[in-house]
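Data block below; observations after.
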Protein chains: 2
Amino acid sequence: MTARRKTVSDDKPLAEGLARQLEQEIIDGVIRPGDELDERRLAERFGVSRTPIREALRRLGVERLIELRPRRSAIVRSLTAQNLAQMFEVLSGLESFAVECAARRMNQQQIEQLRSIHEETAAIVDAGDRNGFDRLNFQFHQAIYRGAGNPYLMEQLEGLRTKLAPYRRWLLRRLDRMRQSHNEHAMILEAIEAGEGARAATEMRRHICDPDRLVDFMMMEQTER
Amino acid sequence: MTARRKTVSDDKPLAEGLARQLEQEIIDGVIRPGDELDERRLAERFGVSRTPIREALRRLGVERLIELRPRRSAIVRSLTAQNLAQMFEVLSGLESFAVECAARRMNQQQIEQLRSIHEETAAIVDAGDRNGFDRLNFQFHQAIYRGAGNPYLMEQLEGLRTKLAPYRRWLLRRLDRMRQSHNEHAMILEAIEAGEGARAATEMRRHICDPDRLVDFMMMEQTER
DNA sequence: AACTACGGTTTGGTATACCAGATTTAATAT
DNA sequence: ATATTAAATCTGGTATACCAAACCGTAGTT
């Protein structure tokens with residue numbers, strides 16, 4: 001029934017694409033917090049069956065974007081400024097822990113690689129290349145994850161970062177934080193090179209963002225609308 | 001086909017139970033790392049259809065117990081001592097972060113509640129009541145999660161703790177750590193009452209377990225078999 | 001004998017049908 | 001008129017059937 005959109009042979013699980021699309025709509029506010037996500041309606045809307053829709057909803061549930069209730073429709077979670085700030089706070093906790101591990105465990109070669117990423121970034125900042133900055137920024141953090149020598153920690157961090165990426169990009173653009181971010185990276189790198197894990201952790205926590213200030217900022221945004 | 005085991009009206013999603021059962025078998029080594037998990041075979045074995053089996057496998061995938069490969073059977077991940085130690089290390093990172101937040105944010109009433117849980121534990125330890133200790137131990141940590149004032153952090157911690165619970169119980173039993181654990185709780189509580197977040201965090205990290213010593217211990221276990 | 005090509009088998013991905021819990025609505029009794 | 005309950009309906013949970021991709025084995029060619 002209902003024409004298959006693409007021969008069904010997309011090479012990638014259908015559910016993943018559906019999840020991303022729904023995620024985008026939730027973030028964009030097309031689907032609002034509290035809205036019910038009826039499996040049949042969604043299936044009809046996307047021209048697929050309920051099975052991949054259920055899959056997609058489970059994924060969004062894991063990502064805490066929606067709430068799955070037994071025998072009830074799933075509903076979109078309210079993503080308030082506070083909620084978001086809490087997620088960033090957890091990210092800052094994990095990142096600072098990672099950098100603390102990294103400062104203790106990175107070898108000389110890894111530290112040099114981190115430094116080279118950092119120095120490469122300098123030119124990008126001067127040029128005001130936002131996309132380039134995003135890319136190198138990610139590399140800088142990822143080099144630290146690797147340096148922490150804990151693959152599970154790395155997975156958790158990458159997952160959380162991916163989840164928060166859209167919001168972070170939005171924040172960074174609004175704040176035009178490129179230069180400051182680069183300076184903060186310098187402090188972190190310096191602490192790592194000195195082998196001072198605790199200082200690196202503190203700097204990282206500050207870097208990911210002061211949660212209190214974040215809440216203030218986002219609330220302003222909310223009322224501004 | 002195949003007789004329904006219990007009228008199907010268990011009030012709880014079938015998949016959850018299946019996931020727990022498979023999890024236990026993986027932990028117990030009945031299903032070994034590298035083994036393929038065929039959906040049809042599992043469905044037949046448990047007397048259910050493939051649908052809840054798939055659900056269960058997804059859950060185990062999220063928990064990193066198995067690896068889901070597109071168009072291939074899922075296989076059991078190798079859960080080495082190092083892997084486990086890495087997860088415990090992440091737990092220690094999150095716990096110490098939580099207790100640091102809690103030390104800054106708990107109000108007087110919350111601190112008193114934490115202390116009362118701690119003091120109630122003392123009698124249990126003297127009596128050598130392991131189950132009672134497990135329960136109060138969980139309450140102690142949960143009171144700290146709540147005190148951290150970050151529901152998202154609490155969710156993450158409870159999830160990770162649930163995942164690691166079987167291993168932790170096993171470790172605690174083997175090590176007979178009840179009394180030492182209680183003493184460590186005392187140190188943490190003291191730091192919280194003094195409002196010294198950093199010290200509380202350090203103590204917590206030590207409490208969850210020294211990852212290096214954990215690896216040593218578990219490797220001994222492995223060769224002992 | 002070794003390599004390639006083809007066909008069958010296995011197995012995950014998707015669609016559809018049915019069941020049971022939950023909600024809503026309407027009818028009946030007080 | 002209100003409250004209580006029963007029937008209809010909505011919706012998620014489960015079962016089954018079909019499709020296509022990946023794997024495996026065999027046969028045919030060089």
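FYI, side chains are in, hydrogens and waters are out, and symmetry mates aren't considered; it's all heavy atoms of this structure. Protein chains get the first letters and strands the later ones, always in sequence-line order, with residue 1 at the start of each. Predicted model only: the values in this text are computed from it and were never measured.
A straight line from CZ of B:R71 to P of D:dC19 spans 14 Å, rounded to a whole angstrom. A straight line from CZ of B:F46 to P of D:dT14 spans 14 Å, rounded to a whole angstrom. Spacing between atom CD of B:E55 and atom C1' of D:dT14 amounts to 10 Å, rounded to whole angstrom units. Between the CD1 atom of A:I53 and the C1' atom of C:dT16 there is a distance of 15 Å, given to the nearest Å. Between the C1' atom of C:dT24 and the CZ atom of A:R72 lies a distance of 12 Å, rounded to the nearest Å. Note: CD (B:E39) to C1' (D:dT14) measures 15 Å, nearest angstrom. For B:R50 and C:dG13, the CZ to C1' distance is 8 Å, given to the nearest whole Å. One atom, CD1 of B:I75, and another, P of C:dT11, lie 14 Å apart when rounded to the nearest Å.
Comparing B:E36 and A:S49 by the nucleotide of DNA chain C that holds the closest heavy atom to each, the one mapping nearer the 5' end is B:E36. The nearest heavy atom of DNA chain D to B:P52 and to B:R40 marks one nucleotide each, and the one closer to the 5' end goes with B:P52.
Comment: B:R41 does not engage B:E36 in a salt bridge, judged by the lack of any side-chain N to carboxylate O separation of less than 4.0 angstrom. Salt bridge annotation for A:R20-A:E16: present, with a cationic side-chain nitrogen under 4.0 angstrom from a carboxylate oxygen.
Taking B:V125 as the reference, B:T121, B:F133, B:R179, B:H182 meet the side-chain contact (heavy atoms from CB on, under 4.5 Å) condition, with sequence neighbours excluded.
At the heavy-atom level, A:L37 lies under 4.0 Å from the strands shown only through sugar-phosphate atoms. Among the atoms of the strands shown, base atoms are found under 4.0 Å from some heavy atom of A:R54. Using a 4.0 Å heavy-atom criterion, one finds that B:T51 contacts the bases of the nucleic acid, with or without backbone contacts as well.
Between B:E23 and B:L60, the closest side-chain pair of non-hydrogen atoms falls below 4.5 Å.
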